[in-house]
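Beneath this line is the structure, given in structure tokens, with notes to follow.
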Protein chains: 2
Amino acid sequence: MQRVSLKFLAKELGIAEGTVSRALNDYPDISEATRERVKEVAKKFNYKANQNARRLATGVAEAVAYLMPPNTHAISEPFVSQLLEGLGSSLAKRGWDLLVVQASSPETEAETVEKLSSSGKVSGVVISRPYKEDRRIELLKKYNVPFIVHGRSVNSEDYAWYDVDGEKAFHDGVGILAELGHQNIAFIGAPTDYNFGQMRLDGYRRGLASNNLTLDEAIIKIVDMSDDAGAAATAKMLGLPHPPTAILCATDTQAFGALAAIREAGLTPGIEVSVLGYDGLDFGKHTNPPLTTMAQPQSHSGEEICDMLLAIIDGGNPVDYQELRSAILVRRMSVGPVRPQ
Amino acid sequence: MQRVSLKFLAKELGIAEGTVSRALNDYPDISEATRERVKEVAKKFNYKANQNARRLATGVAEAVAYLMPPNTHAISEPFVSQLLEGLGSSLAKRGWDLLVVQASSPETEAETVEKLSSSGKVSGVVISRPYKEDRRIELLKKYNVPFIVHGRSVNSEDYAWYDVDGEKAFHDGVGILAELGHQNIAFIGAPTDYNFGQMRLDGYRRGLASNNLTLDEAIIKIVDMSDDAGAAATAKMLGLPHPPTAILCATDTQAFGALAAIREAGLTPGIEVSVLGYDGLDFGKHTNPPLTTMAQPQSHSGEEICDMLLAIIDGGNPVDYQELRSAILVRRMSVGPVRPQ
DNA sequence: CGCTAGACCGAAAGCGCTTTCGGAATCAAT
DNA sequence: ATTGATTCCGAAAGCGCTTTCGGTCTAGCG
């Protein structure tokens, strides 16, 4: 099976290799006649340029990488899937590739980033869920790779990012609960080395203050983002002498666990204890009871992020690409007014 | 910023480019001394080989592609995420890349596959959820790309695949329900142009036969794999003069909908109407009631599939790589004995 | 001490494409 | 008919790496 290369086409057409290349790439110095002739023959032989040669010659990769969050099972989280989907389809429209790369361990992360930037494999990268201080971001800046962050680190002035305002969401979340009469509002948070974890906690705190509620460390639990962790934290708080009547959760998954723990304690979520989640997972409508949550408007985040990244690759100034979205409340059944004790 | 290339290293070391390359790649004809010297300098300058050049020279891509299912939002399905995660980490261990490619539309699918195979971008590809007759498989065979199918098409003798025996699972599923006294077992299936849809339906039918149950077309619904579709189908069947006492669902997502529809009808799932799902989604433990389901043992499917693919890329015969796994029952609360009417 | 066999490295070709540069051919204008 | 511009294409030089081939040098042997 003869591999059809430029050389092959050139021979077939009786013209020079370079001419074929220029014809295929619509250079202006090729006559209409030969351009068409070339393209026809190319189609006939089903010519597909070797991407590696092309990339080597042009120096542009026409590919972007998504750097998976370092923690395990991260890809199973819906937000990753949605992001990938959007990125993938946007990229595909332009004929670019999407690389999904995982650092095998936190130690090799730097190595991975370096390799990504130095090996010419990609023209840009996107990462998610930065830590407050994130090494990946530093490396990306250092190696001068166009990148965009899904989320923000603490110092986010000088790079491009796309984020949902979790601080505001949790501030407002407390307000929603307070308005329903809740005074004893617990918080189940995510690890605060993640900046989003910190911001949601900050929002919660500010929300408390805005509503003249006192902060009680006993009903603030920073735990893993899993249902089991959410359940354990909830169980513990329910055993308090003065248990919370509402629980604000940093993630829906934790909220699922909270629901379970409340039922386990013989109480009814949404009636005796309200639960407000965050993420807007579709699945929340099937829990018992359906979960009220603050949804990230991330249906098109992948596309937006892709557009932003491409703009930066094309020479745009990263600082011009910082998008902050707001979460929106999805009312279901897990939040209700406080009941008289 | 001087790009550190082989040439650069060679000059730095005062030896030939080829020698540097061979040293770095552990060729046996390089003395231990220079090998170390080379590697040291390479590390010092943080040398990373340009992958495009490397690939061009060697002709091997060291990358595999996952071809996304053509339907939209496919990536959000947990099985895709899990697969990607496994593939990604296995590949990463070997320093290979994972490309996620989406055909922008069914029409461009052939084009996509062609390009993938001819452009030298990847050494192998994996696809999921084949149709009974699947064009992608034909194309992959035609272009002689190593590939492996997650699932099987109707004629699966001559290529490599990894599948879970849905036929058996549904046959046994009927048995489980029948043993609990159910005689009127409904089936909510997936579109039968997907081969897995057909196989699960076949299994259901054979299960009916094995248990001397009569097949009633009125309680067989082939619908989309969504919760809404599952709910609608369930609602319809519940309105029948002789409604089913148990429902077997082709996917957990449909089962979630079924649960909702049953509650909507004022009945209690797991008591008045049993629901048995398939997929083993972790999330099923949070439904109301928790969903009993047949789980795909897919936690490591990504790794296994990766190993199989690499073996084929290394020259293995695809036919030697056909793995059939069994589903395992996860007992939760949505299945119970039939109640006296 | 001469000869052969390794051990080790340099030189160079090539992977398949892009892109610059210059030359040939065509054409219009003087 | 000469010149100057254009138009179009061929030739060739890379892009950064791998890999073969042969040559030099040392060591080991008789």
Side-chain angles (χ1 to χ4, degrees), chain A residues 1-39 41-42 45-63 95 97 115 117-123, chain B residues 1-39 41-42 45-63 95 97 115 117-123:
Chain A
M1 189 158 117
Q2 165 70 40
R3 204 157 162 15
V4 351
S5 60
L6 262 197
K7 192 197 292 184
F8 175 86
L9 287 188
K11 205 161 287 177
E12 195 72 21
L13 285 154
I15 61 179
E17 227 176 297
T19 306
V20 178
S21 170
R22 288 195 313 267
L24 255 18
N25 291 320
D26 291 321
Y27 271 56
D29 65 341
I30 298 291
S31 74
E32 191 59 32
T34 65
R35 188 203 319 289
E36 277 178 15
R37 209 160 62 88
V38 169
K39 288 197 174 178
V41 174
F45 285 101
N46 216 324
Y47 170 76
K48 298 275 180 283
N50 180 310
Q51 289 301 314
N52 298 318
R54 175 168 236 279
R55 287 171 181 168
L56 177 57
T58 60
V60 346
E62 297 199 335
D97 289 335
K115 190 157 180 189
S117 32
S118 317
S119 68
K121 281 197 284 209
V122 298
S123 334
Chain B
M1 187 159 122
Q2 165 70 38
R3 203 158 164 12
V4 352
S5 59
L6 262 197
K7 192 197 291 185
F8 175 87
L9 288 189
K11 204 163 290 177
E12 195 72 22
L13 284 154
I15 61 179
E17 228 176 297
T19 306
V20 179
S21 170
R22 287 196 313 267
L24 256 17
N25 291 319
D26 289 324
Y27 271 56
D29 64 343
I30 299 289
S31 74
E32 193 58 32
T34 65
R35 189 203 318 290
E36 276 177 16
R37 208 161 62 88
V38 169
K39 288 196 175 180
V41 174
F45 285 101
N46 216 326
Y47 169 76
K48 298 276 181 283
N50 179 309
Q51 288 302 313
N52 298 318
R54 174 166 237 280
R55 287 170 182 171
L56 178 57
T58 60
V60 346
E62 297 198 335
D97 289 335
K115 191 159 181 188
S117 33
S118 317
S119 68
K121 281 197 284 209
V122 298
S123 335

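Just so it is clear, the structure is predicted and the values come from calculations on it, not from any experiment. Here is the naming used below: chain letters follow the sequence lines, and residue numbers restart at 1 for every chain. Side chains included, hydrogens not; waters and symmetry mates left out as well; all remaining heavy atoms used.
Contact annotation for A/G59: no contact, since no heavy-atom pair falls under 4.0 Å across all strands. Using a 4.0 Å heavy-atom distance criterion, A/L6 is classed as a base contact. At the heavy-atom level, B/Q51 lies nowhere under 4.0 Å from the strands shown. Using a 4.0 Å heavy-atom criterion, one finds that A/R22 contacts the bases of the nucleic acid, with or without backbone contacts as well. Using a 4.0 Å heavy-atom criterion, one finds that B/L56 contacts the bases of the nucleic acid, with or without backbone contacts as well. A/N50 comes within contact range of the sugar-phosphate backbone alone, with a heavy-atom separation under 4.0 Å but no base atom that close. No engagement by B/N52 is indicated, since no non-hydrogen atom pair under 4.0 Å with the nucleic acid exists. Across all strands, B/S31 comes closer than 4.0 Å only to sugar-phosphate atoms, never to a base (heavy-atom distances).
The nearest heavy atom of DNA chain C to B/A16 and to B/T58 marks one nucleotide each, and the one closer to the 5' end goes with B/A16.
Look at CD on A/E32: it is 11 Å from P on D/dC9, rounded to the nearest Å. What separates OH of A/Y27 from C1' of D/dT7 is a distance of 17 Å, to the nearest Å.
Under the 3.5 Å distance criterion, the side-chain polar atoms of A/S123 are matched with a main-chain donor or acceptor of A/E62.
No side-chain heavy atom of A/R55 sits under 4.5 Å from any side-chain heavy atom of B/Q51.
Using a 4.0 Å cutoff to heavy atoms of chain A, the contacted part of DNA chain C runs 5' to 3' from C/dG16 to C/dT20.
Salt-bridge check for B/K39 with B/E36: failed, with every basic side-chain N at 4.0 Å or more from each acidic carboxylate O.
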